[in-house]
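A quick write-up on the structure given underneath.
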Amino acid sequence: MDRIAIIGGHALNGEIPISGAKNSAIKLMAAALLTDAPVRLTNMPRLADTRFLARLLRRLGAEVTETDGPEGPETLLHTPEIVSAFASYDLVRQMRASFNVLGPLIAREGHAKVSLPGGCSIGARPVDLHLKALEALGAHIDLNEGYVYAQAPRGLIGAHIRFPFVSVGATEHTLMAAVLAKGETVIENAACEPEIVDLAECLIAMGAKIEGAGTPTLHVQGVGKLNGATHAVTPDRIEAGTFAVAAAMAGGKVRLTHMRPAHISALLDKLRASGVSATVGETTVDIHRGPDRLQATPITTDPYPGFATDLQAQFMALMTLAEGESVIRETVFENRFMHAPELARLGAEIEVHGGEARVRGVEGLKGAPVMATDLRASVSLVIAGLAARGETVVHRVYHLDRGFERLEAKLSACGAEIRRLKGEEDAA
Ligand code: UD1
């Protein structure tokens, strides 16, 4: 498997175009199952996760065509009929978000058999809220041998659902099922992430009736059928935030383009507090870090519009070089500090106690071999490598390929010394 080698110490200067959001794209692709008409998604990221989901959707009956349109990469999804309502363990295990086909399959076909995703490297991540919401909508659900067997032969029925805590995936899943349910569904304590708004906008373009996307209460009036639509995937706020932190870490001046600055306001506030200049345009953000040392800055992750858990690892990498001690609290996922011991291999001083990490800034990091453990953790190691003296080699970069499009190309275009080493990995 591939590795990424970085020689640190080069400032970043230039422009980085932000791609369409992975987390949006994969839900929009699943939503295309809800209609027998073609759905055209523009501004699509080309990632291992989208390719993987395309494979699953083809097995379910979708024709998936990737093209390069006038505005960049597009994916056309067309499912004239569902030929199979089955998503196997092997498919769901490899990409958790495959589980999201369950709702659309029940809504369109009245039944589905989909593997439970199982645990993953950032905590237990159960799907109980997804299943309870589908049951509230009238699906009969049995769990057997690791599979969800769902039946709703006479269709789903609108319901009042209140989530006990905010879940992005459960909100999206419920929304996708409710759009074809009979009558009204109200979802309370819904997630407000931009990806929810993006999904709702796409579903509305397909003929769904949804109000309140981006607020904690969603109202859905079920419709009998959805049509096709064309929809542009929202820019990837996590990719944008990652490059903002990378620029802050390496120093220099970077303009992020094709993005929505408001989506990363919480991060930009923290970057400014640590001494980085962030200037916001309509679809751009200019990040500039001068010669002064960064200042320790605490963060607490929270659902949107709070500080994104998907940017926590990157910010921790940045704080390893700040002056003073930064307290980093993770409240969204358990066990999401696996990057801490890897950052320590580069010389970072981090103490983890439960959901809290204390980072004592050091004067400098030194390159070393490190191992990626999950998608966002792995990019934090790349970011740290940009500032570390000497060479950092990040192993298991398949995690990165799941969610970052042309990462090395985008960074090296701004002056980073980063390259992919093809082939074998360590035997760990
Ligand atoms: C999505 C994102 C992920 C991001 C996360 C939080 C995708 C593909 N992934 O993940 O990148 O880090 O939102 O912004 O969009 N939970 C339960 N039961 C459930 C569902 C969730 O206990 O049925 C818990 C989770 O374990 C976690 C918390 O709720 O502790 C929030 O998870 P959730 O918002 O659902 O995250 P995902 O949708 O899985």
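Counting starts at 1 for both ligands and their atoms, following the listed order.
Close approach of ligand 1 to Phe333 (heavy-atom distance below 4.0 Å) involves ligand atoms 5 (C), 6 (C), 12 (O), 25 (C), 27 (C), 30 (O), 32 (O), 36 (O). Atoms of ligand 1 found under 4.0 Å from any heavy atom of Thr309 (numbered from 1 in listed order, with element): 6 (C), 12 (O), 14 (O). Of all the atoms in ligand 1, the ones that sit under 4.0 Å from a non-hydrogen atom of Asp128 are 17 (C), 18 (N), 19 (C), 22 (O), 23 (O).
Thr257 and Glu15 share no side-chain donor-acceptor pair at under 3.5 Å. Side-chain atoms of His219 and Glu184 form a donor-acceptor pair, as typed in the model, at a separation below 3.5 Å. Side-chain contact, Asp198 with Ser24: a donor N or O sits under 3.5 Å from an acceptor N or O.
Contact check for Thr79 versus Arg108: side-chain heavy atoms found under the 4.5 Å cut-off. Side chains of Thr283 and Met259 form no contact here, defined as non-hydrogen atoms less than 4.5 Å apart. Between Ser19 and His258, every side-chain heavy-atom pair lies at or beyond the 4.5 Å cut-off.
Taking 4.0 Å as the cut-off, Lys27 counts as a neighbour of ligand 1 on heavy-atom distance. Within the 4.0 Å heavy-atom cutoff, Phe165 counts among the residues contacting ligand 1. Under the 4.0 angstrom criterion for non-hydrogen atoms, His173 is not in contact with ligand 1.
Contacts with ligand 1 closer than 4.0 Å are made by side-chain heavy atoms of Asp310 only, the backbone lying farther away. Proximity of Leu129 to ligand 1, defined as any heavy-atom pair under 4.0 Å, is shared by backbone and side chain alike. Contact annotation: for Arg336 versus ligand 1, heavy atoms closer than 4.0 Å belong to the side chain alone.
Look at Glu356 and Arg358 and you find a salt bridge, because one of the NZ, NE, NH1 or NH2 atoms lies within 4.0 Å of a carboxylate O, short of that distance.
Polar contact check, Val332 against ligand 1: a nitrogen or oxygen pair lies under 3.5 Å apart. In terms of N/O distances under 3.5 Å, ligand 1 is not approached by Glu193. At least one N/O-N/O distance between Val168 and ligand 1 falls below 3.5 Å.
Atom CZ of Arg329 has 12 or fewer heavy atoms from other residues, nucleotides or ligands within 6.0 Å. For Arg46, the CZ atom is densely surrounded, since the number of other residues' heavy atoms within 6.0 Å is greater than 12.
In this structure, of Asn23, Ile196, Leu131, the residue bringing a heavy atom nearest to atom 7 (C) of ligand 1 is Asn23. Comparing heavy-atom distances from atom 20 (C) of ligand 1 across Ala25, Pro126, Gly169, Ala133 singles out Pro126 as nearest.
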